[in-house]
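First up is the structure itself, then whatever we jot down about it.
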Amino acid sequence: MPPNDRPIVTRFAPSPTGHLHIGGARTALFCWAFARRHGGAFMIRIEDTDQARSSEASARGILADLAWLGIDWDEGPTLAEHDRAPGGAPLKPGVIGGDPRGVAPFFQSQRLPIYNGLLDRLIESGHAYAAFETTADLEAKRKAAAAAGKQYRYDRAALDIPKPERDARARAGEPHVVRFRTPDEPVVVHDIVLGEVRVGPEELDDFVLRKADGFPTYHFGVVADDQTMGVTHVLRGQEHLYNTPKHVSLQRALGFRTPVYAHMPLIFNEQGTKMSKRERDQTARRWCAEKGLAHAPDPVRGTPGLDDAAFSAWLKDKAKQLETHALERLASEVGLSLPEVSVDDFRRAGFLPEVITNFIALLGWSPPAEAGENVEKFDLPFLAKWFELERIGKTNARFDRKKLLAFNTDAMGGMSDAEFARRWRPWCQTDAPRLAALPPEQFDALAAAVRPRSKTLREAAQSGGFLFLDDAAIAYDPKAVEKNLKADAGEGLRALRSIREGLASLPSFEPAAIHALIEQTASAMGVGLGKVAQPLRVALTGTTVSPPIDATAALLGRERTLARIDACLAANG
RNA sequence: GGCCCCGUCGUCUAGCCUGGUUCAGGACACCACCCUUUCACGGUGGGUACACGGGUUCGAAUCCCGUCGGGGUCACCA
């Protein structure tokens, strides 16, 4: 299947305009898996031709996200070990990336001479020409076409200018773009996933190859680079299907090979629309509108990005997006959880990288029967062993966060306490520093107490929150107090006083001893365990939910446990 | 709107290419029960799908056509 007998080279070519999107991660994963499966090379190329939106920081972030997922590249920008996000998938130590075949640079912004050389050839052979319309001119023409109910296509007005004059004006430095003279012939694309896709010449217009700023457009950059960098297989989302005829047509004009194409189904959100960053703003906006908020909630009101003017403008305009930090501060302040859309969102939400790669691999792909009956849980080596383009489906997939969560829960449940602690620590270092600062023995004990009942690393961290309450000023949930302390003529309070005595004189303040004491207390009172455990839980945490109560008390230690019971008795007794 | 792609449980999918072994298998979600010191986990059981309509065929989820539905795309963004 590889064209000729060249070794397979796949590439993932993100444009560095933000975080790595979950859909992009799947594209990268499939490119990676295909290369691994066939002993080929996987390359990263940064498509930073949009000077206004691209940033080096974004490129580095995307690289770090890929490495975190466990997707390594054979060729491309290098990423040093210390630049990888903590807690990522195990990858060989050292530097990822490099240039074994000598096809660098990997940033398109550094390949301008290559594009310009190719462009000269194209202009020379009459396949491309300079055009001088401004963006405003074109916009007007588009509007006019729309008003007339007609399909807009570039009218080739520039071709009416005699070639010598065109070239002279371009040479003289008049601002212009270079357009491709699209041949008047249909193009048939052979796609591994979709089959043959035929596009007539009336569908293709003379698209731009080089922008007025001298940078190539996506179409031109891709075609030039895939050829010069020896790419054999192009895997990308179906939203690119219509670009492919353009690329094939260009390849012919340039005498280039056409790589094998595979267009993958799209990933949708719960609402059945494309997953995008906007969703996060929409979620927050909807919430604020429902609450009838006129300005940001007090603690965050007026903080950067959340001043009254910005907030109300954002609230009214669906197209507006809050600055990332502002949006997240707002959400965390009001306890709203934003839908995750980028890999980093998922990382911070406490998902494990191997779970994410497993899950997204299943969006549009499934293992062959030979790999086992109904296999659904698998790791990267499995994917590298069994991945085939032929098994990529055609139908768009909805991203089901509940299923992802179930996968993550299973993965955490399958870990030993020690392994969990080892994996949890780096996450806490970046996302829950208070926990990471705990003494190692206490951290490990907390990890063990919290692991079996947590679905994500973040949830585990939240479960440990009780440790950081002020012993003397715990906020008691009124309903919990009523039900567990005051009901039945203060039965809970009696249990609390009784267990306090026992706790004070317990020789060893270990979970097992505490557990035994709770049992004794309960049986002495002639009640079930819950009648003792729950009041104690309310006293220690203010709520009815916490890790196992014996572990909770042991983690707190005798002194703080007694202090909290006394404070509770004082406040509610 | 033009062009194109897609259409199996609520969701992700297996099966479709090479019609019968499938009154359609798995997973998540859901419901019920069990377990239980909270919250979770876990266990057992359950309901739910071949979009619709025509063909072809002894026989269709599987092949063909149409309808409807969903999506993509129509930039000096990628």
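In what follows, every chain begins at residue 1, and chains take the letters A, B, ... in the order their sequences are listed. Since this is a predicted model, take the numbers as computed values, not measurements.
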Going by heavy atoms in the side chains, are A:N396 and A:Q238 under 4.5 Å from each other?
yes
Any side-chain heavy-atom pair of A:E370 and A:W386 under 4.5 Å
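Touching, per the 4.5 Å side-chain cut-off.
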Identify all pairs in which a protein N or O lies below 3.5 Å from an N or O of nucleotides 63-72 of chain B, and state each distance.
unit_1: B:G71; atom_1: O2'; unit_2: A:N396; atom_2: OD1; d: 3.2

C1' spacing across the pair B:G45 / B:C5, given as an integer number of angstrom:
41 Å
When the P atoms of B:G19 and B:C58 are compared, how many Å lie between them, rounded to an integer?
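Each nucleotide's P atom is 15 Å from the other's.
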On the nucleotide [N], are OP1 or OP2 found under 4.0 Å from the side-chain N or O atoms that [X] carries?
X      : N     : answer
A:S454 : B:A40 : no
A:R26  : B:C12 : no
A:S366 : B:A14 : yes
A:K403 : B:U11 : no

A:K377 to A:F407 six-membered ring, cation-pi geometry met (6.0 Å, 45°):
yes
Both A:K394 and A:L362 contact RNA chain B. Taking the nearest nucleotide for each, which residue is further toward the 5' end?
A:K394
Heavy-atom nearest nucleotide on RNA chain B for A:P265 versus A:Y152: which residue maps closer to 5'?
A:P265
By side-chain hydrogen bond (donor to acceptor under 3.5 Å, both in side chains) - contacts of A:N243 (at least two apart):
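Partners of A:N243 by the side-chain hydrogen bond (donor to acceptor under 3.5 Å, both in side chains) criterion, ordered by chain and then number, come out as A:H240.
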Write down the distance between [atom1] ([X]) and [atom2] ([N]), rounded to a whole number of angstrom.
X      : N     : atom1 : atom2 : value
A:W386 : B:U13 : CH2   : P     : 21 Å
A:D50  : B:C77 : CG    : P     : 6 Å
A:L405 : B:A40 : CG    : C1'   : 11 Å
A:N243 : B:C74 : CG    : P     : 7 Å
A:F407 : B:C41 : CZ    : P     : 16 Å

Residue [X], side-chain heavy atoms: nucleotide from [options] that is nearest:
X      : options            : result
A:R179 : B:U38, B:C6, B:C76 : B:C76
A:R53  : B:U37, B:U8, B:C77 : B:C77
A:Q534 : B:U37, B:C41, B:U8 : B:U37

Does A:R142, at its CZ atom, have more than 12 non-hydrogen atoms belonging to other residues, nucleotides or ligands within less than 6.0 Å?
yes
Strictly by modelled atom types, are A:D48 and A:S109 linked by a side-chain donor-acceptor pair under 3.5 Å?
yes
What's the verdict on side-chain contact (heavy atoms from CB on, under 4.5 Å) for A:F207 and A:F220, showing C-alpha distance, side-chain angles and the deciding distance?
CA-CA 10 Å; A:F207 57 92; A:F220 186 48; over 6 Å; no
Across all strands, who's sitting opposite B:C30 as a Watson-Crick or G-U wobble pair, both distances under 3.5 Å?
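When the pairing criteria are applied, B:G46 turns out to be the nucleotide that pairs with B:C30.
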Residues from residues 458-468 of chain A lying under 4.0 Å of RNA chain B - heavy atoms
none
Under the salt bridge (charged side-chain N to carboxylate O under 4.0 Å, His left out) criterion, do A:E202 and A:R153 qualify, and how do the steps go?
CA-CA 9 Å; A:E202 68 283 353; A:R153 291 179 70 215; over 6 Å; no
Can you classify the ring geometry of A:F346 versus A:F399 as parallel (below 30°), tilted (30 to 60°) or perpendicular (above 60°)?
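A:F346 and A:F399: tilted rings.
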